[in-house]
Amino acid sequence: MGKRDDLIAKYADDLKNKCGMTPDMGLLTKVTIGCGPSIYNADASTVAGSDKSELETVKDNFLVKKLGLKDGPELMDAIDSVIETYGKSERNKYRAVVYYMLTKHFGKEAVYG
């Protein structure tokens, strides 16, 4: 298995054990690939759940630009809900897992179709 496969397995484990969901491995793989090389960088591969500017970046770059959603308060509510599901005390919130949960939350799987 390659390094990316190892990371995808780790993300699937987080979804199962920390978020209580059964991952759609096809979608998780596509979301992970969509994150690009950032998944290999220790800092870029995680989302700082308590950093407001980081959460704004997730909203602007992922939800608005990638998923094509209209900006509004419900976007930040969804991000907060995903961070809550992942666990506020969980130190490593992997970007691919957060993006996967947001994609599912908004029913935007087709973006990765």
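Not measured: the values here are computed from a predicted model.
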Novice: Give the cluster check for Leu28 versus Ile33: same hydrophobic cluster or not, with ILVMFWY residues linked at side-chain heavy-atom distances below 4.5 Å.
Specialist: no
Novice: Any salt bridge between Asp60 and Lys65, counting N to O under 4.0 Å?
Specialist: no
Novice: Taking all atoms of both residues into account, what is the closest heavy-atom pair of Thr32 and Arg4, and its distance?
Specialist: CG2-CG, 4.3 Å
Novice: Taking all atoms of both residues into account, what is the closest heavy-atom pair of Tyr99 and Val58, and its distance?
Specialist: CE1-CG1, 3.9 Å
Novice: Would Tyr86 and Asp14 count as having a side-chain donor-acceptor pair, cut-off 3.5 Å?
Specialist: yes
Novice: Might you point out which heavy atoms bring Pro23 and Lys16 nearest each other, and give the distance in Å?
Specialist: CD-CG, 3.8 Å
Novice: Going by heavy atoms in the side chains, are Lys104 and Asp24 under 4.5 Å from each other?
Specialist: yes
Novice: Do the side chains of Leu15 and Thr22 get nearer than 4.5 Å, heavy atoms only?
Specialist: no
Novice: Taking the side chain from Arg95 and the backbone from Ser45, do they hold a donor-acceptor pair closer than 3.5 Å?
Specialist: no
Novice: Would you call Lys66 and Thr103 a side-chain contact if the rule is heavy atoms closer than 4.5 Å?
Specialist: no
Novice: Is a side-chain N or O of Thr85 found less than 3.5 angstrom from the main chain of Ser81, in a donor-acceptor match?
Specialist: yes
Novice: Please determine whether a side-chain nitrogen of the Lys or Arg among Lys93 and Glu54 lies less than 4.0 Å from a carboxylate oxygen of the Asp or Glu.
Specialist: no
Novice: So which atom in Thr46 and which in Tyr94 form the shortest heavy-atom distance, rounded to 0.1 Å?
Specialist: CG2-CD2, 4.1 Å
Novice: Of all heavy-atom pairs between Ile83 and Gly49, which one has the smallest distance, and what is that distance?
Specialist: CD1-CA, 4.0 Å
Novice: Tell me, yes or no, whether the heavy-atom count around Lys10 atom NZ, taken from other residues, nucleotides or ligands under 6.0 Å, exceeds 12.
Specialist: no
Novice: Would you indicate whether the side-chain heavy atoms of Val111 and Lys30 approach each other to under 4.5 Å?
Specialist: no
Novice: What are the two closest non-hydrogen atoms of Tyr100 and Met21, and how far apart are they?
Specialist: CE2-SD, 4.4 Å
Novice: Just how far is it from atom NE2 of His105 to atom CG of Leu63, taken to the nearest 0.5 Å?
Specialist: 9.0 Å
